[in-house]
Amino acid sequence: HFSCYYAVENGTLQGGAGPTTTIVTGGGSSYVSYITENLNNLIISKEIISVTIKQREFIKESFFIVNKFSKDIDVNIDLSELADFASFADGSEETTVSINRGESKEIQLIFSASTGTNPGLYTRKIFIISGGIIKKIGAFISVKSEKPLFDVVAEMNYQDNLAIKNNQMLSEITITNIKNDYNTDPVDINVEYQILNSTGGIIYSGEDTRGFEREINYLKKIVFTNEVLPGKYVYYIKVNYKGTIASSSVIFEVPRKLLKIQKPLSPISLYLWIIFLIIVLIDIIWFFFYKKRKKKERRMRRKFNKGYL
């Protein structure tokens, strides 16, 4: 499922959190209406691509573009913002593909990180353009040292099938020494944690120090100060020991809350509610006239007592 944030440069259409869809307008409201009605006809299989890669390593990733229009279309894929980490198989940063109506096409990317790339997390965007529609995929590249000392594995600890419950998130972290000649005496390692939304915004950042020998396994609890909006997120963990970096990332989703829809009232229940409301209304009217009559009687009694009557 591909949920979108909609924006119109010369209009007012807007949406919620998630990957961005921009409508390049200029042809008036009728053109905007035409484009917005067809947003779902250009489907992208991924809204986030997350890659963990070592320096001087090459990794293949792919996604699909589905054409649900009633005609053949040309789609342009632009990697210019991602050029320092990815290209197409022929080494280019941009390509155009033709997709027949009702068909899909796989787009393959080659990710790499040079020796001079500093280990860490990099956020970029992939632009997908067809007609007046521009869709963007968030790309998250986690670069680790060429010869890391550790292997880092992060797994979400779901609570009632939810990654985040009551503004809290649990994950299981396993850090293993993978270098045989590494000194196995206890050392302190620095572990950093980040959670980013699909546009690269950081919603959580923290770190701690862990004692380490051969392997450690622990539960990490993260508490959010604000409610986490529905959407897809990247959970990034970086382990640092004397400048040697190992890392891992996990994509997870916060679903939209399901609204509990009340069942419609049965005819009998509706009839009883109407009778109840009529009785309440009669009581209110009776009470109003009763108070008015009593007030008039008191006024007449005061006049009588004063000898006016």
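Taking hydrophobic clusters as Ile, Leu, Val, Met, Phe, Trp and Tyr residues chained together by side-chain heavy-atom distances below 4.5 Å, I73 shares a cluster with I126. Transitive grouping of hydrophobic side chains (ILVMFWY, heavy atoms separated by less than 4.5 Å) brings L109 and I59 into a common cluster. Taking hydrophobic clusters as Ile, Leu, Val, Met, Phe, Trp and Tyr residues chained together by side-chain heavy-atom distances below 4.5 Å, I173 shares a cluster with V187. Hydrophobic clustering (ILVMFWY, side-chain heavy atoms < 4.5 Å, transitive): V152 and M169 are in one cluster. Residues I251 and V51 fall into different hydrophobic clusters, defined by Ile, Leu, Val, Met, Phe, Trp and Tyr side chains chained together at heavy-atom separations under 4.5 Å.
Between V191 and the options I175, T209, N240, a side-chain contact (heavy atoms from CB on, under 4.5 Å) holds for only I175. Of the candidates S247, P119, S248, S247 is the only one forming a side-chain contact (heavy atoms from CB on, under 4.5 Å) with K144. Tested against I282 for a side-chain contact (heavy atoms from CB on, under 4.5 Å), the candidates I285, I279, I278 yield a single pass: I278.
In this structure, F212 has its ring center under 6.0 Å from that of F150.
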Step by step, work out the side-chain hydrogen bond (donor to acceptor under 3.5 Å, both in side chains) result for T176 and E215.
-> CA-CA 4 Å; T176 307; E215 181 177 278; 2.8 Å; yes
Would you please test L229 and V254 for side-chain contact (heavy atoms from CB on, under 4.5 Å) and show each step?
-> CA-CA 7 Å; L229 297 175; V254 176; over 6 Å; no
Where do D74 and S98 land on the side-chain hydrogen bond (donor to acceptor under 3.5 Å, both in side chains) test, with the steps shown first?
-> CA-CA 4 Å; D74 291 331; S98 297; 2.6 Å; yes
Between N41 and I133, is a side-chain contact (heavy atoms from CB on, under 4.5 Å) present by the stated rule, with each step listed?
-> CA-CA 10 Å; N41 289 332; I133 299 173; over 6 Å; no
Could you check K232 against E253 for side-chain contact (heavy atoms from CB on, under 4.5 Å), going step by step and ending with a plain yes or no?
-> CA-CA 4 Å; K232 289 194 174 181; E253 184 172 7; 3.6 Å; yes
Please lay out, stage by stage, how I43 and K68 fare under the test side-chain contact (heavy atoms from CB on, under 4.5 Å).
-> CA-CA 8 Å; I43 299 175; K68 285 205 167 184; 3.6 Å; yes
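Inter-residue side-chain proximity for N118 and V143 is flagged as unmet; no heavy-atom pair is nearer than 4.5 Å. Using a 4.5 Å heavy-atom cutoff, the side chains of F224 and I222 are in contact. Side-chain contact between V250 and E155 is absent, with no heavy atoms from C-beta onward closer than 4.5 Å. Between I141 and L82 the shortest side-chain heavy-atom distance falls below 4.5 Å. The side-chain heavy atoms of S142 and I237, taken from C-beta on, include no pair separated by under 4.5 Å. Counting heavy atoms from C-beta outward, D208 and K220 have side chains that approach closer than 4.5 Å.
Separating the NZ atom in K46 from the CZ atom in F64 is a distance of 9.0 Å, to the nearest 0.5 Å. Here CD1 of I53 is found 8.0 Å from CZ of F111. Values are rounded to the nearest 0.5 Å. Once rounded to the nearest 0.5 Å, the distance linking OH of Y233 with CZ of F140 reads 11.0 Å. One distance of note links CD1 of I48 with CG of L196; it measures 9.0 Å at 0.5 Å rounding. In this structure, L219 CG and S171 OG are separated by 7.5 Å, a value rounded to the nearest 0.5 Å. Distance CG/D78 to CD/E93: 8.0 Å, rounded to 0.5 Å.
Nearest heavy-atom pair, I110 versus A89, reported as atom, atom and distance to 0.1 Å: CG1-CA, 4.2 Å. Shown here for E106 and S62, the closest heavy-atom pair between the two residues is OE2-OG, 2.9 Å. Taking each heavy atom of L162 and P255 in turn, the nearest pair found is CD2-CG, 4.1 Å. Across every non-hydrogen atom of R124 and D84, the tightest pair is NH2-OD2, 3.0 Å. In plain terms, the two heavy atoms of Q194 and I202 that are nearest each other are NE2-CD1, 3.9 Å. Summarising the geometry of V153 relative to D151, their closest heavy-atom pair is CG2-OD2, 3.7 Å, with the distance given to 0.1 Å.
Among pairs with a residue in residues 76-107, those fulfilling ring pair (Phe, Tyr, Trp, His ring centres under 6.0 Å) read F85-Y122, at least two apart in sequence or across chains.
Of the N and O atoms on the side chains of S249 and S50, at least one donor lies less than 3.5 Å from an acceptor on the other residue. Side-chain atoms of Q55 and T115 include no donor-acceptor pair closer than 3.5 Å.
The side-chain contact (heavy atoms from CB on, under 4.5 Å) check on Y158 picks up M156, A163, F252, with sequence neighbours excluded. Partners of L277 according to the side-chain contact (heavy atoms from CB on, under 4.5 Å) rule, which considers only residues two or more places apart in sequence or in another chain, do not exist here.
Looking only at distances, no side-chain donor or acceptor of R210 sits under 3.5 Å from a matching main-chain atom of I189. Under a 3.5 Å cut-off, the side chain of T244 and the backbone N or O of P148 do not form any donor-acceptor pair. Using a distance-only test at 3.5 Å, with no hydrogens or angles considered, a donor-acceptor pair links the side chain of K135 to the main chain of L42. Side chain of E192 to main chain of K238: no donor-acceptor pair is present (N/O by atom type, distance under 3.5 Å, no hydrogens or angles). Judged by distance alone, the side chain of R101 and the main-chain N or O of S70 form a donor-acceptor pair under 3.5 Å. Checked by atom type and distance alone, the side chain of N166 never pairs as donor or acceptor with a backbone atom of Q168 at under 3.5 Å. Using modelled atom types, one side-chain atom of N67 and one backbone atom of N100 make a donor-acceptor pair closer than 3.5 Å.
Within 6.0 Å of CD1 on I275 lie more than 12 heavy atoms contributed by other residues, nucleotides or ligands.
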